[in-house]
Amino acid sequence: MLLGHTKQINGVWKIQSLKQHSENVAEYCARACQPLGLENLGRLTGWLHDAGKSHSNVQKHLRGQTNERINHSSAGMRWLWENYGGETASPPSRLTAQMAALAIGSHHSERMDLFDLGGVEPWIKHMYSEQAQELYEESCRAFFADCISETEIRQMFAKAAQEVECLVRKIRTQEGKKPRLCIYQVMLGLAHRFLFAALIDADWLDSGNYYNQEGCLPPEQLPPWDLIESNVETFLNNLQPRHKIDTLRAEISEQCKTAGECAKRGIYRLYVPTGGGKTFSGLRYCVHAAKKLSARHIFYVAPFRSIIGQNVQEFKKALGGSEYLLEHHTDAVLDTENPEVLRQLERWQEAPVICTTMVQMLQTLFCSRRQNVRRMAALANSILVFDEIQSLPICHTYLFNQAANFLAYYLGCVVVLCTATQPALSEVANPLRFASPVDLVPDYQLRFAQFRRTKIEVPETGNGFQAGELLSSEQPNFNEMIDPKCDWALRHLEQFPVEVEKASYATLLRVPGIGPKSASRITYARRYGRLDYASLKKMGVVLKRAHYFITCGGKQMYHTPIEASYITRQLISVDKKDLWNTQHANESFTQMTLTDFGVC
């Protein structure tokens with residue numbers, strides 16, 4: 001019998017056979033991959049992930065006869081690649097072999113790259129390392145003799161290849177017959193990441209059960225959604241309306257309940273005005289949708305820990321207790337030493353409702369560390385609410401959109417974007433594919449009108465000039481060679497230069513070359529960083545006029561004397577040049593020839 005794990009307890013060796021471990025991991029992994037339609041690929045990957053342990057040197061290590069750690073992940077991946085990954089193999093077979101081989105080769109490290117920055121293929125290098133070469137032949141012979149027959153594995157591979165071919169067809173159906181190469185690769189990459197997550201979770205779960213002497217886990221049970229739904233409804237019904245706004249919130253909540261009772265998988269918006277009660281309305285939708293779709297979990301994802309801190313306590317009251325909710329963010333991890341909670345944080349599998357941050361979710365979807373990847377297996381067939389989605393950094397938009405599309409249309413999730421200021425994520429180059437109808441609250445325009453709490457009135461005079469400031473009895477006329485704002489500024493040079501990083505909005509409006517829009521942009525941008533002349537130009541400041549009257553960071557754009565006569569001459573020359581260019585915009589000029597002078 002080949003050994004899979006060994007543990008010495010009170011001088012007695014407890015043994016798990018390699019066959020038992022491989023079979024357990026294969027079944028766990030197959031079960032996890034069902035939502036993606038890759039059940040047989042998961043089973044195949046689980047069976048072969050530790051095939052290298054069959055070698056006698058590894059068996060000696062497991063018996064405690066040597067301390068040498070040996071590469072035992074290369075044998076399974078190499079067998080797959082050499083049998084089904086050659087140039088003569090069909091594309092589905094080659095892709096199937098590559099997906100399983102990469103997951104197997106990475107399960108004791110971070111995910112391997114297909115290519116590194118130098119053009120080298122790290123996974124091939126790992127597969128054919130010097131140590132792996134020596135172990136391969138004996139490992140394969142012993143594994144197929146003791147654990148599972150080669151014929152069974154080949155039959156399993158044939159079924160897995162059919163699943164991968166179906167996945168490829170689904171990607172082409174979902175993304176178009178000829179999807180953009182980057183989208184096609186992202187979807188395949190996320191599918192492989194999910195396979196790797198399932199393998200890591202299965203391997204660690206079975207190994208942990210063995211070392212803790214817990215035996216095999218029973219099939220996963222769905223959360224008690226009937227009980228949770230009853231708790232939420234009881235809690236919300238006890239919230240008696242005291243004001244008109246409470247009645248409006250109750251109406252929105254009923255709309256969300258109705259939407260949840262007929263929920264379908266896809267991507268939706270919960271577009272509710274500030275103060276509309278979206279926290280409880282969103283929870284109500286999620287609970288009813290989870291019951292309708294037999295979802296595995298509800299994930300509440302917020303951009304900031306402060307938002308989670310505010311909402312978690314309310315969620316616990318509504319759900320009927322803290323046992324139904326798991327918090328996963330920095331503060332929660334640091335505040336607990338409970339081993340049961342820490343175990344739940346590792347895999348997100350054992351709580352109905354998980355509240356976490358956008359950082360944790362993005363790490364689960366994209367970070368290479370195995371403990372992050374592992375949690376991805378918990379996302380399948382779940383309800384995910386992304387609160388305050390407008391806070392998503394712009395640089396993450398494309399990746400988030402593709403991940404959300406993958407979750408909704410490949411893993412059977414419901415994705416809800418919840419905010420009062422919905423970003424246009426469906427209008428970008430790699431858009432979100434919203435379901436139809438997209439809005440859980442279809443009459444959101446009416447709701448925004450009902451919740452309007454402010455009215456903006458623009459004063460007639462604003463922060464502009466009064467007529468008496470521009471002209472006076474001493475100066476009854478403008479200088480016709482320059483614009484009125486420049487004329488005023490030259491007659492009030494004692495007020496200049498203006499420091500743009502400190503001046504008020506009203507003061508900025510009096511600077512030639514700065515208008516209302518650019519003044520607003522300046523006052524907004526300087527709250528977040530230092531300004532420079534290049535950024536002022538991008539904000540719409542006309543520097544050819546403004547630079548005589550401003551400083552930025554205490555410095556002028558050029559060393560310019562603050563003298564009325566000098567600045568007037570410079571402004572007149574600029575204005576004359578602009579006027580000439582405008583008047584002659586449609587004219588063209590060519591070199592005169594001798595014919596023009598009558599010589600030829």
Side-chain angles (χ1 to χ4, degrees), residues 1-29 44-83 100-112 120-150 153 196 199-216 346 368-371 373-374:
M1 180 182 69
L2 295 174
L3 305 181
H5 292 113
T6 57
K7 181 179 181 181
Q8 193 173 24
I9 303 176
N10 299 325
V12 178
W13 285 95
K14 298 293 183 180
I15 294 173
Q16 183 187 38
S17 70
L18 179 59
K19 179 179 180 180
Q20 186 63 60
H21 174 61
S22 299
E23 184 176 6
N24 290 348
V25 172
E27 293 309 309
Y28 289 152
C29 193
L44 173 73
T45 306
W47 267 111
L48 293 177
H49 82 287
D50 271 353
K53 283 186 176 180
S54 303
H55 195 274
S56 56
N57 290 351
V58 183
Q59 292 294 302
K60 289 178 182 178
H61 175 74
L62 291 172
R63 290 188 175 91
Q65 297 170 359
T66 175
N67 292 324
E68 181 185 8
R69 297 186 66 85
I70 300 172
N71 174 359
H72 63 266
S73 62
S74 294
M77 65 186 300
R78 180 175 170 181
W79 185 89
L80 284 165
W81 189 244
E82 291 190 348
N83 281 273
L102 275 171
I104 291 170
S106 302
H107 85 276
H108 278 294
S109 63
E110 296 180 352
R111 289 184 76 203
M112 293 183 185
V120 177
E121 298 178 275
W123 69 291
I124 296 290
K125 185 178 179 180
H126 175 79
M127 188 162 54
Y128 289 102
S129 66
E130 183 177 349
Q131 186 188 61
Q133 293 272 34
E134 300 173 357
L135 306 178
Y136 175 67
E137 296 292 343
E138 181 186 332
S139 296
C140 291
R141 284 196 305 270
F143 181 78
F144 289 128
D146 187 80
C147 298
I148 187 172
S149 71
E150 188 172 346
I153 289 293
F196 183 49
L199 176 62
I200 292 297
D201 188 51
D203 186 27
W204 290 8
L205 188 62
D206 186 65
S207 299
N209 291 341
Y210 163 73
Y211 284 117
N212 295 325
Q213 298 296 302
E214 294 179 0
C216 295
E346 291 177 355
S368 65
R369 297 170 62 193
R370 287 176 297 164
Q371 53 264 51
V373 179
R374 181 187 188 188

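Bear in mind the structure is a predicted one, so any value in this text is a computation, not a measurement.
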If I compare all heavy atoms of A75 with all of A51, which pair ends up nearest, and what's the gap? CB-C, 4.3 Å
Which of these passes ring pair (Phe, Tyr, Trp, His ring centres under 6.0 Å) with W79: F144, F143, Y136? F144
Quick one: does R370's side chain have a donor or acceptor within less than 3.5 Å of a partner on H107's backbone? yes
If you measure only the distance, is there a donor-acceptor pair under 3.5 Å linking the side chains of H61 and H55? no
Derivation of the side-chain hydrogen bond (donor to acceptor under 3.5 Å, both in side chains) call for H5 and D206: CA-CA 10 Å; H5 292 113; D206 186 65; 5.1 Å; no
So do I153 and I148 actually touch side chain to side chain, heavy atoms under 4.5 Å? yes
When rounded to the nearest 0.5 Å, the distance separating OG of S74 from CD of E134 is 12.0 Å
Within the structure provided, determine whether V25 and D50 are in side-chain contact (heavy-atom separation under 4.5 Å). no
Give the C-alpha distance, both sets of side-chain angles, the deciding distance and a yes or no for ring-ring contact (aromatic ring centres under 6.0 Å, His included) between H21 and H49. CA-CA 10 Å; H21 174 61; H49 82 287; 5.1 Å; yes
Out of curiosity, R369 CZ to I200 CD1, how far, rounded to the nearest 0.5 Å? 13.5 Å
Write down the atom of S17, the atom of M1, and the distance for their closest heavy-atom approach. CB-SD, 3.5 Å
CG-OG distance between L48 and S73, expressed to the nearest 0.5 angstrom: 12.0 Å
Calculate, to the nearest 0.5 Å, the distance between atoms CE and CD belonging to M77 and E82 respectively. 11.0 Å
Can you list the steps and then say if N57 with T66 is a side chain to side chain contact (heavy atoms under 4.5 Å, CB included)? CA-CA 8 Å; N57 290 351; T66 175; over 6 Å; no
Once you round to the nearest 0.5 Å, how far does OG of S106 lie from CG of L199? 9.5 Å
Just by modelled atom types, is the W47 backbone N or O under 3.5 Å from a matching donor or acceptor in the E23 side chain? no
Supply the atom-to-atom distance H72 NE2 to S54 OG, rounded to the nearest 0.5 angstrom. 10.5 Å
When you compare the side chain of Q133 with that of R78, does any pair of heavy atoms fall below 4.5 Å? yes
Distance-only, no hydrogens or angles: does the S22 side chain make a donor-acceptor pair with backbone N or O of K19 under 3.5 Å? no
When every non-hydrogen atom of A202 is compared with those of C29, the smallest separation belongs to CB-N, 3.8 Å
With the side chain counted from C-beta on, respond yes when L80 and I104 share a heavy-atom pair under 4.5 Å apart, and no when they do not. yes
Passing candidate, side chain to side chain contact (heavy atoms under 4.5 Å, CB included) with L18, options V58, L3, L2, L62: L2
